[in-house]
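Down below is the structure, laid out as structure tokens.
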2 protein chains.
Amino acid sequence: MTDTKTKLLDVAERLTQTKGFNGFSYLDLAEEVGVKTSSIHYHFKTKADLALALVDRVHGAHVAAFGQLDAQVPNAENRLAAIVEVFEGYVNDDKFCLCGMLSAEFQSVSPAVRGRLRTYFQDMRSWVAKQLNEMGFTDSDNRSLSFVSSLEGSLLLARLNGDASLIGSALEQVKQN
Amino acid sequence: MTDTKTKLLDVAERLTQTKGFNGFSYLDLAEEVGVKTSSIHYHFKTKADLALALVDRVHGAHVAAFGQLDAQVPNAENRLAAIVEVFEGYVNDDKFCLCGMLSAEFQSVSPAVRGRLRTYFQDMRSWVAKQLNEMGFTDSDNRSLSFVSSLEGSLLLARLNGDASLIGSALEQVKQN
DNA sequence: GTCTATACAGCGATAGAC
DNA sequence: GTCTATCGCTGTATAGAC
């Protein structure tokens, strides 16, 4: 991965999370990275290809993060808390979740991206369910759905109000008995 | 409100909920309604004005719906269920929540729209809290936050998977205790 | 209130030099 | 791998006739 390609993905990721995938252009991207728009087409032939690359990168990163947490944090509740912290960090950067954003814009993304988004959230729900199971919940599948839903929805509200603490408050409910 | 203006709002509302506010143009709108783009500018001087009109209309409609439910449905749990049904209907139309969508695209909407979105969700949280309170929950404020968060987040996942039942499953958790 | 006509900037995308 | 140059189209928006 060249330096430029990484920078392009970094900026595109941030712009997608803040303004939506349809809320920025190749020119926005080019100016921030310091290249011409034609150079972007070298790395990502079409904007749809860029969307795919964004989802794939974040999916890979999150799967890797899940693996690291499993290996390094010896407590399921703390592992879940680590993910919550990531989302709280989004609020302070005025960001929504990348895959949440593309899911919102669902009808304007390619079939390929749609498939990847389903996989992303399926993996996330599975991992969360595993943690909840370890925590002793017998309804971990359904509780995981509730957890991930609350996470996405509360992030939306938290960013709207500039108050990251809304995420933790919303999730309290889900962790109760 | 002229017939054309209403039709424009109807189509714009649907396109916003399906593709996002940045995912359609005045030309898309014009072709579907059967007018020229210049006519749209007569009703909504700028696209930002259109966004404002969309939020105001849906806010008014939902506040009215809350009032009607309060007056006509003699059971808080059933009143909540009616709102859930509205969101389940979105899934079958491949729609996200209009204000949820604009909240996702938060950084690309005007300050005026941002303020309206905050009011919309504040009103919704208040009304849901009132219902939860009537249902005997003592933590109605926080539970309402969790309810609305789950509603928005599960709608995102439900549409992604074409499965409206995910909404009810996610909310089960919030109604427990 | 809707139209024609038009302005003009922006869009994604491509060809070909370096 | 990045550039210049350019294409054709689409974007929002306006002026003025009807």
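First the proteins, then the strands, lettered A, B, ... as listed; each starts at 1.
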- [ ] For the residue pair B:Ser149 and A:Ser150, confirm or rule out a side-chain donor-acceptor distance under 3.5 Å.
- [x] no

Task: B:Lys5 to B:Phe44, cation-pi by 6.0 Å centre distance and 45° axis angle - done: yes

TODO: Ignoring hydrogens and angles, state whether a donor on the side chain of B:Asp141 or B:Ser144 is under 3.5 Å from an acceptor on the partner side chain.
DONE: no

Task: Length of the CG-P vector between A:Leu29 and C:dA13, whole Å - done: 13 Å

Task: Members of residues 5-16 of chain B that approach DNA chain C, where some heavy atom sits under 4.0 Å away - done: none

TODO: Give, for atom CZ of B:Phe137 and atom NZ of B:Lys175, the distance between the pair rounded to the nearest 0.5 Å.
DONE: 9.0 Å

TODO: Please say whether the positively charged group of A:Lys47, taken as NZ for Lys or CZ for Arg, lies over the ring of A:Phe24, i.e. under 6.0 angstrom from the six-membered ring centre and within 45 degrees of the axis.
DONE: yes

- [ ] Flag this pair as yes if the NZ/CZ of B:Arg114 is under 6.0 angstrom from the six-membered ring centre of B:Phe106 and inside a 45 degree cone about the axis; otherwise no.
- [x] yes

Open item on the list: My understanding is that only one of A:Leu132, A:Val73, A:Leu69 makes a side-chain contact (heavy atoms from CB on, under 4.5 Å) with A:Leu80; could you say which?
Closed with: A:Leu132

- [ ] Ignoring backbone atoms, test whether A:Ser39 places a side-chain nitrogen or oxygen under 4.0 Å from the OP1 or OP2 oxygen of D:dG1.
- [x] no

Open item on the list: I'd like to compare against my own output: the B/S/- annotation of nucleotides 5-13 of chain D with a strict under-4.0 Å heavy-atom distance to protein.
Closed with: ------SSB

Task: Short side-chain N/O contact from A:Tyr42 to OP1 or OP2 of D:dT2, under 4.0 Å - done: no

